[in-house]
There are 2 protein chains.
Amino acid sequence: MALDRDHVLRSAAALLTRKSTATMDEVARAAGISRATLHRHFAGRDALVRALEALGIAECEAALNRARLDEGPAADAVRRLVREIQPAAGLLAFLYGENQLWEGEGQNTGWLGLDTRISALFQRGQRDGELRIDLTPGWLTEAFYGLITSCAWATVDGRVAPRDFPTMVAELLLGGALRRAES
Amino acid sequence: MALDRDHVLRSAAALLTRKSTATMDEVARAAGISRATLHRHFAGRDALVRALEALGIAECEAALNRARLDEGPAADAVRRLVREIQPAAGLLAFLYGENQLWEGEGQNTGWLGLDTRISALFQRGQRDGELRIDLTPGWLTEAFYGLITSCAWATVDGRVAPRDFPTMVAELLLGGALRRAES
DNA sequence: CCGTGTTGAGACACTCATGTCTCAGGCGAG
DNA sequence: CTCGCCTGAGACATGAGTGTCTCAACACGG
């Protein structure tokens with residue numbers, strides 16, 4: 001039962017990443033169950049999205065924990081973070097585009113904590129003189145989400161290989177497109 | 001009449017940037033006209049979105065032309081491009097998230113030309129030794145769109161000031177978050 | 001003053017996703 | 001075997017958004 005629920009959430013996330021307007025019926029079929037059973041798990045579409053949001057937040061937090069953001073150079077922490085967050089990238093991309101979640105005051109406070117932790121990582125990098133200070137931590141956090149989303153979609157469409165995901169996101173975010181003078 | 005149509009498109013773009021699921025009625029009210037008149041301009045929601053797509057492509061092409069991508073260093077060309085494309089950023093953000101446009105074979109070929117031109121700019125930068133070669137032009141193009149989208153949303157939400165838009169996008173895309181060794 | 005043309009408001013039917021319900025079939029536990 | 005539970009399939013009502021239509025009000029030029 002609990003396993004079923006998780007399985008449904010996973011396949012729903014995979015489907016909604018590709019087609020964010022998928023029907024409840026499509027979601028059910030993607031999970032290999034009927035619409036009736038889907039409704040027995042989740043009261044409605046809203047409840048499903050909320051559950052996906054909670055799952056996304058939980059996976060993000062787990063990834064943040066595994067990445068040990070406060071250890072070693074900030075750049076390496078960012079690389080670890082991107083690598084750990086990749087499995088949740090598709091789900092994140094879906095949620096990032098679901099602006100329904102951000103308007104209104106009912107937004108999940110979990111995002112705030114996530115933003116704070118990621119932002120703190122960039123702040124630490126700036127304090128240590130490792131990261132430039134003319135790009136605000138808030139914008140870096142935003143750009144982080146944006147690049148994750150872009151690369152997740154590019155991966156789904158086959159324009160980026162899954163194995164290149166961590167490099168593409170982390171190296172662009174950290175080093176940019178310009179060639180370094182040396183090294 | 002032609003002016004009206006353009007005005008409707010502009011306000012529709014502004015509204016849909018904030019709320020991509022806005023009703024035809026909301027779009028009409030945002031433009032200060034009735035739903036009936038809106039339908040006299042655009043046969044339906046699909047036609048409206050297609051018109052917005054065409055507008056977005058046209059504005060992008062105009063921005064590309066103004067930016068003179070093949071002149072001077074590639075990095076400067078990217079900076080010019082971001083600056084010129086800023087007015088269309090909101091519209092681009094909406095279209096970028098409208099995955100309905102990308103699935104199916106009816107997708108507008110204008111995007112292909114755009115992608116090609118932007119990708120060519122990155123390729124030129126790589127050929128000149130100005131840009132790193134471990135990030136593919138395709139991914140840089142994708143990341144370009146992604147950062148435009150993220151910054152457009154951040155601007156709408158007030159997390160980024162409009163005047164900082166060009167710097168934030170271009171400098172992150174080009175230089176990344178890492179502090180340069182020197183200069 | 002009078003036709004012409006456009007607009008806004010509203011009514012209407014239609015489609016589609018949703019939410020709820022019922023019922024028959026299957027499957028495992030006792 | 002039989003009972004209880006879960007599931008899938010389908011019917012049904014509902015609501016929202018849409019597309020079409022009519023009609024009265026209005027502005028404008030002749």
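Just so we're on the same page: letters track the sequence lines, and every chain starts at 1. Excluded from the calculations below are hydrogen atoms, water molecules and symmetry mates; all remaining heavy atoms, backbone and side chain alike, are included.
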Q | Verdict with supporting geometry, B:Phe94 and B:Trp153, ring-ring contact (aromatic ring centres under 6.0 Å, His included) | A | CA-CA 9 Å; B:Phe94 163 67; B:Trp153 285 350; over 10 Å; no

Separation of D:dT18 atom P from B:Arg29 atom CZ, nearest Å, is 13 Å

Pairwise N/O distances under 3.5 Å, protein to nucleotides 16-23 of chain C:
{"from": "C:dT18", "atom 1": "OP1", "to": "A:Arg45", "atom 2": "NH1", "distance (Å)": "3.1"}
{"from": "C:dT18", "atom 1": "OP2", "to": "A:Met24", "atom 2": "N", "distance (Å)": "2.7"}
{"from": "C:dG19", "atom 1": "OP2", "to": "A:Arg45", "atom 2": "N", "distance (Å)": "3.3"}
{"from": "C:dG19", "atom 1": "N7", "to": "A:Arg35", "atom 2": "NH1", "distance (Å)": "3.1"}
{"from": "C:dG19", "atom 1": "O6", "to": "A:Arg35", "atom 2": "NH2", "distance (Å)": "3.0"}

Taken to the nearest whole Å, CG/B:Leu38 to P/C:dA9 is 14 Å

Q. Between B:Arg132 and A:Gly176, is there a donor-acceptor pair closer than 3.5 Å when you use the side chain of the first and the backbone of the second?
A. yes

Notebook entry, point to check: Parallel, tilted or perpendicular: which fits the ring planes of A:Phe144 and A:Phe122, with parallel below 30° and perpendicular above 60°?
Noted result: perpendicular

B:His41 atom NE2 is separated from C:dT6 atom C1', nearest whole Å, by 10 Å

task = Using the rule that two of Ile, Leu, Val, Met, Phe, Trp, Tyr join whenever any of their side-chain heavy atoms come within less than 4.5 Å, decide whether B:Leu16 and B:Val156 are in one cluster.
result = no

Residues A:Cys60 and A:Leu92: closest non-hydrogen pair is SG-CD2, 3.6 Å

